[in-house]
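All chains are named by letter (A, B, ...) in the order of the sequence lines, taking the proteins before the strands, and each is independently numbered beginning at 1. Since the structure is predicted, the reported quantities are computational estimates derived from the model, not experimental observations.
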Number of protein chains: 4
Amino acid sequence: MRATTGVPTRENQWDVMKRVGKKTSRAERKALRPHEILEAAFEEFAAKGYAATRVEDIATRLRITKGTVYLYFPTKDVLFQEMFRHASTSSADPSTAIGCLRGSCADRIRDLLLITYENTANDRRTRELLRLSVAEGTRLPKMVDCRHELFIAPTLAALTTLVEEGVKSGELRQDTAADTPDVLASSIFQVAVWHLMLADRRPIDGRALMEAHIDLVMNGLLRRSERMA
Amino acid sequence: MRATTGVPTRENQWDVMKRVGKKTSRAERKALRPHEILEAAFEEFAAKGYAATRVEDIATRLRITKGTVYLYFPTKDVLFQEMFRHASTSSADPSTAIGCLRGSCADRIRDLLLITYENTANDRRTRELLRLSVAEGTRLPKMVDCRHELFIAPTLAALTTLVEEGVKSGELRQDTAADTPDVLASSIFQVAVWHLMLADRRPIDGRALMEAHIDLVMNGLLRRSERMA
Amino acid sequence: MRATTGVPTRENQWDVMKRVGKKTSRAERKALRPHEILEAAFEEFAAKGYAATRVEDIATRLRITKGTVYLYFPTKDVLFQEMFRHASTSSADPSTAIGCLRGSCADRIRDLLLITYENTANDRRTRELLRLSVAEGTRLPKMVDCRHELFIAPTLAALTTLVEEGVKSGELRQDTAADTPDVLASSIFQVAVWHLMLADRRPIDGRALMEAHIDLVMNGLLRRSERMA
Amino acid sequence: MRATTGVPTRENQWDVMKRVGKKTSRAERKALRPHEILEAAFEEFAAKGYAATRVEDIATRLRITKGTVYLYFPTKDVLFQEMFRHASTSSADPSTAIGCLRGSCADRIRDLLLITYENTANDRRTRELLRLSVAEGTRLPKMVDCRHELFIAPTLAALTTLVEEGVKSGELRQDTAADTPDVLASSIFQVAVWHLMLADRRPIDGRALMEAHIDLVMNGLLRRSERMA
DNA sequence: AATGAATGAGGGTTCATTCAT
DNA sequence: AATGAATGAACCCTCATTCAT
């Protein structure tokens, strides 16, 4: 029925292990596999998108064969979704950041934005998840909603709380802007999109841009005397 | 399921033309075709991405067959790129907007941002081009760079010019923010990404967000007395 | 994306047609295709069973490629079922045979059995459908039931009617056997199974066996006084 | 769905043995294994056919893993053939039945047919072997021939002998039917095929059908004077 | 110009078989 | 002896592309 060559054309994972003298038991290997595969899947899907990625590409990245991938994930589609969940889960939880803010409202807003920036726009993994959310979101809205619920909404809610507090204490002015404090975070989106679109071809200093934006939103561009009603 | 009949169940383009009494000559038809195809391609590619879109999907949208598509475009890949160029070209040219700005620097900045917002984040076509830039940009960096060159860079350059002018005239303060006036436009990215990710599932008032952001960047969030050094 | 060799390695159907000077228009070809494919599918499925048959085998038999098969049938499974229905439909309808029986009950029973034999056990196509019914029937009971309903049941019902009539008229004896006249047809099953199992390796004279069986069962059924020479 | 846990959810063979306090040594186990595997293989192959059965299905039925199957049988194909031989061997040997027939020719014929019926058409295992002979016989004619040689031919030969004897003694009439006494057994085929095709969806009383057939063929074969009531 | 039947390379998925543990 | 992770050859089905009509 099926021919069985058994003659490996290229050295496989085990050969490699022997050659480099690594000691990984089968059990260890197996326990690691799902994680490894999800990581490799992340790289491939992020680089090429769902449809253009071949399961074999993912396998090859790990020096295994596609059959092995199917030992751990039943379909490409499930693999994608698990990968998305896995990559999301390993992102920094915004609540920890929110929990350790100290100082004046302005300080806390500044720190929250900077920390969020570091965890999102400045984090390759999170950026690529944004890419996938944009690219595949139409196909899998649930996925994106879930991510929004867990990561974006809490941060924006924290901003809203901080602004409300600052307005109440008189530290911040009460105005149009105070009604939609989401906009405080807009530069994070800008940096993220910039990275996604232009990568290293037109690099920007994300941190500088963030600080400029924070300066702007806190102080405004107009001279004191020119301040608009 | 593939039909095997070959009997068209719905009236095709010629039937339609006959019914409504239009007179479109063959020559006219031919002249229109590339444009029609590019439009249909835009819709399909935007909805499903490059790899997941079938040439036949595009043809079906026009009630023609895939063979016809190949009369005008040699490959799917070329079609995609031409579509991208075409959709970009039909976007509003930023230079026209820049040209008709009037009033104080603040006014002109505000107007430029609002006009750009209307032409980009609030324009479905431009938004979908952003989606494609993010999704397929890795594969076709040239495409994205070109788009950046023609649409994004000029707008940001205009902003920079306006800010410099305002600083020189004393209308705007000279500070961190003035060094990277790009950030003034960050809310446009935010609205665009929000639309792309959450579509109509979590709608936002883009215009209100824009105005809040403009208010913020012009006036700052801090009370006058609290202004940071 | 996809390489396009276009270099045919072996002459295909069209080459063949040109070479032998056949004149078959595309439209004619297309109209014939489903029928051709069903016939080829019949041969392959009958020879190897559902699971062991490759769609490509079916295509190759027609000097076309598997892609073409999928132009007419959406899946292998549907192809199998349509093939089964098609092959069944083209079998002789028992009602026509039943309609033209003449003579005494004995004569009509004899003729019905012989005709049924010719149409079933002695007909390769019907025999192979029996093979498929036995081999794949567990998977597709509906298919077998349908076939039973249309072909087997009517014939057995006709036998029952004939026997009842003969008993009533006094031509046939009333006894155990008259209660289950199905057994009159048992030799048809025997010949069919023999063919399916031993093919041409241990050939039998089906017709002679049929006649011997008829002789046996008729002389048993008939009253003493009616006994045939 | 493939499980990735490796944690057995149901108790395996050893657990079972421990629980019920059985003491089966490794050696005993090993001696039993081939037999167990062949039995499990019989069930699976009979239910799904050769190609559609997975080696793992067979193993799972025994709560062992496919690796173990390969310890005892080198390939799936060999396993199938050994299973077929094994299942055949465990069928009742016709010679024993033939040996203990007593009474008149008519009695012996009747008894032989009834015993054969019980051992074949009315025996699930033998019936399923018939199914496999029909389904896979084209692929493995040797197998079927062997089975024919050992089980079918002897029974038919015995029938022939009995009929010849009856004719010689004057108990049976000498006529067409006497030339091919095979037909006496045709109802066995009929019942077997009926079971295989219609299973329990259209049940029949096999024994009644057999007796009706015997009644039919005996009263036909017997001389006028010998006719049974 | 338009069609759509046909092609065939490819990618998802399965499963017989191997072999280190 | 038994396991089950891994392999890789197939097989189903899709779809970009071609080309005769």
Quick one: does any side-chain atom of T68(C) pair with a main-chain N or O of I64(C) as donor and acceptor, under 3.5 Å? no
First of P74(B) and A52(B) reached from the 5' end of DNA chain F, by closest nucleotide: A52(B)
Has Y72(B) got a side-chain N or O lying under 4.0 Å from the OP1 or OP2 atom of dA2(E)? yes
Tell me the interatomic distance from I37(B), atom CD1, to dA16(F), atom P, rounded to whole angstroms. 15 Å
When rounded to whole Å, the CG to C1' distance for the pair L62(A) and dA5(F) reads 14 Å
Quickly work out the F73(A) CZ to dA6(F) P distance and round it to whole Å. 12 Å
Taken in chain and number order and not counting sequence neighbours, the residues that satisfy salt bridge (charged side-chain N to carboxylate O under 4.0 Å, His left out) with E56(C) are R54(C)
T53(D) side-chain N/O to G49(D) backbone N/O, donor-acceptor pair under 3.5 Å: yes
Which listed nucleotide (dA16(E), dT3(E), dC11(F)) is nearest to the side chain of V55(D)? dA16(E)
How long is the line joining CZ of R63(A) and C1' of dG8(F), in whole Å? 18 Å
Can you list everything that forms a salt bridge (charged side-chain N to carboxylate O under 4.0 Å, His left out) with E44(C)? Sequence neighbours excluded, please. K48(C), R61(C)
Name all residues meeting the salt bridge (charged side-chain N to carboxylate O under 4.0 Å, His left out) criterion together with E43(D); count only those two or more places apart in sequence or in a different chain, and write none if there are none. R124(D)
Could you pick out which residue, A51(A) or V69(B), lies toward the 5' side of DNA chain E when each is mapped onto its nearest nucleotide? V69(B)
Just how far, in rounded Å, is P of dT3(E) from CD1 of I64(B)? 6 Å
Base of dT13(E) paired with side chain of K66(A) (donor-acceptor, under 3.5 Å): yes
Kindly say if T68(D) contacts the phosphate of dA1(F), meaning a side-chain N or O under 4.0 Å from OP1 or OP2. no
Non-neighbouring partners of F80(A) that pass ring pair (Phe, Tyr, Trp, His ring centres under 6.0 Å), sequence neighbours left out: F45(A), Y50(A)
Counting only N and O atoms by type, is there a donor-acceptor contact under 3.5 Å from the side chain of T60(C) to the main-chain atoms of R63(C)? no
Atom CD of E56(C) to atom P of dA9(E): distance rounded to whole Å? 11 Å
For T65(B) and dT3(E), is the shortest distance between a side-chain N/O and OP1 or OP2 below 4.0 Å? yes
Does R33(D) have a side-chain nitrogen or oxygen under 4.0 Å from the phosphate oxygens OP1 or OP2 of dA2(F)? yes
Please determine, for the side chain of L71(B), which listed nucleotide (dC13(F), dT3(F), dA2(E)) has the closest atom? dA2(E)
In this structure, how many angstroms lie between the P atom of dC15(F) and the CG atom of L79(B), rounded? 16 Å
Report the nucleotide, chosen from dT3(E), dT7(E), dC15(F), that has the shortest atom-to-atom distance to any side-chain atom of R54(B). dC15(F)
Using heavy-atom distances to pick each residue's nearest nucleotide on DNA chain E, tell me which of K76(D) and D77(A) is more 5'. D77(A)
Bracket string, DNA chain F, 5' to 3' - pairs by Watson-Crick or G-U geometry under 3.5 Å, | interstrand: .||||||||||||||||||||
Rounded to the nearest angstrom, tell me the gap between atom OH in Y70(B) and atom C1' in dC15(F). 8 Å
So, using side-chain contact (heavy atoms from CB on, under 4.5 Å) as the criterion, who are the partners of L38(C) when residues are at least two apart? F73(C), L79(C), E82(C), M83(C), H86(C)
